[in-house]
Amino acid sequence: MNGNEKEPIENIEDSQTSWEELGISNDFLFGKVMQDAELCKELLQRILPDLKIDHVEYPELQKTIKGDFDAKGVRLDAYVNDGQGTVYDIEMQAVTSKYLPKRTRYYQSMIDLQLVDKGQDYDTLNNSYIIFICLSDLFGKNRYMYTFENVCEEDSEVILNDGAKKVFLNADGKNGTVSEELKAFLDYVAGRPSEDTFVKKLKHAVEQAKENREWRHEYMTLLMRDRENRKIGEKHGEEKMFLLMERLIEDGCFDDIARMKTDIEYRHKLYVKYNII
């Protein structure tokens with residue numbers, strides 16, 4: 001819904017996972033399954049039961065959104081409109097990272113840039129939901145769902161009403177009030193058995209998707225490109241680290257050398273300090 005896309009294909013699961021073994025928690029396969037507008041609509045309705053979604057218009061799977069020529073683009077798993085002006089970005093996240101909240105901020109800004117042409121009024125911005133489906137709990141409260149919108153710190157009854165909401169689903173959740181239908185979907189994402197009718201439809205759609213030779217070829221192409229990007233990134237990372245070590249040795253900062261090997265954030269600060277990035 002990763003460079004010019006969503007980061008190297010972290011959610012194409014493990015590089016050793018074969019096409020035949022992929023499940024709904026794989027972002028590539030999830031995107032293909034969400035090409036079915038009815039399945040996409042039913043999933044959105046389970047996640048957001050208070051909304052009345054009449055139909056889903058033009059689901060655009062793996063849609064790439066780019067800003068200016070030098071801006072980092074994003075590849076959206078499922079980017080859809082409900083026909084009433086509300087825009088939904090649904091992301092499958094096999095890897096739960098502490099950076100996901102900031103990623104939602106970036107995705108929101110890129111989506112808004114697409115929705116408003118230059119010179120138009122801000123009140124033309126559509127309402128939007130960015131939905132991340134995670135395999136594990138990002139926030140440590142063991143909830144099925146976390147919904148965020150901008151609220152006044154001084155008075156929680158005052159809501160900004162900017163039309164933007166972020167939703168994090170936790171397939172490993174145990175707390176909170178959500179429907180049995182949504183729990184069944186989360187069980188399926190987590191690999192637990194379910195006899196839910198919608199889950200059965202998703203299972204069938206997954207099996208059909210895996211019979212598509214064109215999609216298999218596309219997946220393998222992305223996987224090979226990801227491996228190459230990682231090799232390039234690893235080589236570049238090694239070069240930066242060696243350069244940093246040289247600078248630290250010159251300055252006699254031997255304690256920093258030991259720390260930066262295991263502390264990624266501290267290493268980044270040193271890169272900035274020595275103008276290496």
Side-chain angles (χ1 to χ4, degrees), residues 1-7 11 24 27-68 71-93 99-134 138 145-151 159-170 178-179 181-182 185-186 189 198 202 205:
M1 79 190 150
N2 272 262
N4 271 350
E5 289 158 282
K6 203 201 297 189
E7 291 165 356
N11 291 342
I24 195 68
D27 77 327
F28 179 87
L29 202 56
F30 174 77
K32 297 306 183 185
V33 169
M34 287 296 105
Q35 287 188 22
D36 186 316
E38 287 302 312
L39 291 178
C40 188
K41 172 191 168 186
E42 187 164 353
L43 176 57
L44 284 171
Q45 200 65 77
R46 288 189 175 208
I47 296 171
L48 304 166
D50 293 336
L51 299 183
K52 300 303 177 185
I53 302 172
D54 180 63
H55 66 285
V56 167
E57 287 186 351
Y58 310 116
E60 297 182 64
L61 284 305
Q62 303 287 335
K63 175 185 174 71
T64 298
I65 290 182
K66 295 181 181 179
D68 296 332
K72 180 179 179 181
V74 294
R75 184 167 58 88
L76 308 180
D77 286 353
Y79 181 61
V80 303
N81 190 303
D82 63 3
Q84 301 173 14
T86 304
V87 172
Y88 306 86
D89 166 29
I90 316 168
E91 299 279 332
M92 181 61 72
Q93 296 292 334
Y99 300 109
L100 289 185
K102 288 192 175 180
R103 186 186 293 176
T104 66
R105 176 179 166 183
Y106 182 69
Y107 281 18
Q108 184 68 60
S109 66
M110 296 297 285
I111 289 171
D112 287 347
L113 284 174
Q114 296 291 312
L115 293 175
V116 178
D117 292 329
K118 188 175 181 180
Q120 289 185 319
D121 294 332
Y122 294 116
D123 60 8
T124 63
L125 276 174
N126 304 57
N127 289 337
S128 64
Y129 286 82
I130 295 178
I131 301 167
F132 277 12
I133 304 168
C134 303
L138 178 61
M145 176 186 285
Y146 302 87
T147 304
F148 299 90
E149 62 181 317
N150 291 318
V151 177
I159 299 174
L160 187 59
N161 284 324
D162 60 351
K165 292 187 179 182
K166 284 89 173 176
V167 177
F168 292 83
L169 295 174
N170 170 24
V178 297
S179 67
E181 290 79 9
L182 182 55
F185 169 73
L186 293 176
V189 171
F198 177 59
L202 289 175

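As the structure is a prediction and not an experimental result, all values here were calculated from the model.
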Is any side-chain heavy atom of [X] closer than 4.5 Å to a side-chain heavy atom of [Y]?
X	Y	result
Leu43	Leu202	no
Leu169	Val189	no
Thr104	Phe148	no
Glu181	Phe198	no
Met145	Ile47	yes
Arg103	Gln93	yes
Ile133	Phe30	yes
Tyr129	Asp82	no

Please find the pair of heavy atoms, one from [X] and one from [Y], that lie closest to each other, and give the distance.
X	Y	result
Cys40	Ile90	SG-CD1, 4.0 Å
Ala164	Gln108	CB-OE1, 3.7 Å
Ala205	Val33	CB-CG1, 3.9 Å

Whether Phe168 and Phe132 hold their rings parallel, tilted or perpendicular, with breakpoints at 30° and 60°: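 Judged by the thresholds at 30° and 60°, the geometry between Phe168 and Phe132 is perpendicular.
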
Side chain Asn126, main chain Gly85, donor-acceptor under 3.5 Å: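 Judged by distance alone, yes, a pair lies under 3.5 Å.
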
Main-chain N/O of Leu51 paired with Gln45 side-chain donor or acceptor, under 3.5 Å: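 Present.
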
Nearest 0.5 Å, what's the [atom1]-[atom2] distance between [X] and [Y]?
X	Y	atom1	atom2	result
Glu149	Ile159	CD	CD1	4.5 Å
His55	Ile53	NE2	CD1	11.0 Å
Asn81	Thr86	CG	OG1	7.0 Å
Gln84	Glu57	CD	CD	9.5 Å
Cys134	Leu186	SG	CG	10.5 Å
Lys165	Asn127	NZ	CG	8.5 Å

Under 3.5 Å side-chain donor-acceptor pair for Tyr146 and Asn170: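 There is no such pair between these side chains.
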
